[in-house]
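For clarity, every value in this text was computed on a predicted model and none was experimentally measured. The first residue of the sequence shown is numbered 1, and numbering continues consecutively from there.
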Amino acid sequence: MARKKQYLTATLPDGYVKTIGPTAVEFSHYWRIVAHLSKGGTEVFWGHTKSLAEAKKKRNAAIEAVARRGWTSYDFDVVELVKTSEQPDRMLNDC
């Protein structure tokens with residue numbers, strides 16, 4: 001039997017909302033790295049994982065990237081995804 005599809009929503013501390021789906025994959029956490037570049041710009045990297053431990057490992061990648069990519073600093077967030085069976089009324093910042 002096919003898995004039921006669901007929508008996953010992440011709300012970050014700065015108010016940014018990301019909705020993923022529909023998906024049948026059991027993702028539990030969303031992570032985001034906002035890299036601050038030496039010339040004043042930013043780059044954003046994000047993804048979703050099946051566990052909090054897996055999401056926290058992304059911080060190590062950010063630490064390594066600071067020197068390799070020349071970032072001046074970075075912000076790292078991990079939040080739990082909220083599951084809903086129906087599409088939200090408005091899909092803000094969807095992929």
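Remark: of the listed residues Thr49, Leu12, Leu52, Leu52 is the sole one forming a side-chain contact (heavy atoms from CB on, under 4.5 Å) with Val78.
Annotation: salt bridge (charged side-chain N to carboxylate O under 4.0 Å, His left out) contacts involving residues 53-80, sequence neighbours excluded, comprise Arg32-Asp77.
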Please walk me through it: do Leu81 and Lys18 pass side chain to side chain contact (heavy atoms under 4.5 Å, CB included)? CA-CA 9 Å; Leu81 289 163; Lys18 177 75 172 179; over 6 Å; no
Please lay out, stage by stage, how Tyr74 and Ile63 fare under the test side chain to side chain contact (heavy atoms under 4.5 Å, CB included). CA-CA 9 Å; Tyr74 68 92; Ile63 292 168; 3.3 Å; yes
Derivation and outcome, side chain to side chain contact (heavy atoms under 4.5 Å, CB included), residues Trp71 and Leu37: CA-CA 5 Å; Trp71 299 348; Leu37 308 176; 3.7 Å; yes
Stepwise side chain to side chain contact (heavy atoms under 4.5 Å, CB included) test for Thr11 and Val79: CA-CA 7 Å; Thr11 303; Val79 294; over 6 Å; no
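With hydrophobic clusters built from ILVMFWY side chains whose heavy atoms lie under 4.5 angstrom apart, Phe76 shares a cluster with Val66. Leu8 and Val25 fall within the same hydrophobic cluster, defined by Ile, Leu, Val, Met, Phe, Trp and Tyr side-chain heavy atoms under 4.5 Å apart, directly or through other members.
When atom types are taken as modelled, the side chain of Thr42 and the backbone of Ala35 share no donor-acceptor pair closer than 3.5 angstrom. The backbone N or O of His36 sits less than 3.5 Å from a side-chain atom of Thr72, completing a donor-acceptor pair.
The shortest heavy-atom contact between Lys5 and Pro22 is CB-CB, 3.9 Å.
A heavy-atom distance below 4.5 Å is not found between the side chains of Val44 and Tyr16. In this structure, the side chains of Tyr7 and Ile20 stay at 4.5 Å or more apart for every pair of heavy atoms.
Residues satisfying the side-chain hydrogen bond (donor to acceptor under 3.5 Å, both in side chains) test with Lys83, not counting sequence neighbours, are Glu26. Taking Asn60 as the reference, nothing meets the side-chain hydrogen bond (donor to acceptor under 3.5 Å, both in side chains) condition, with sequence neighbours excluded.
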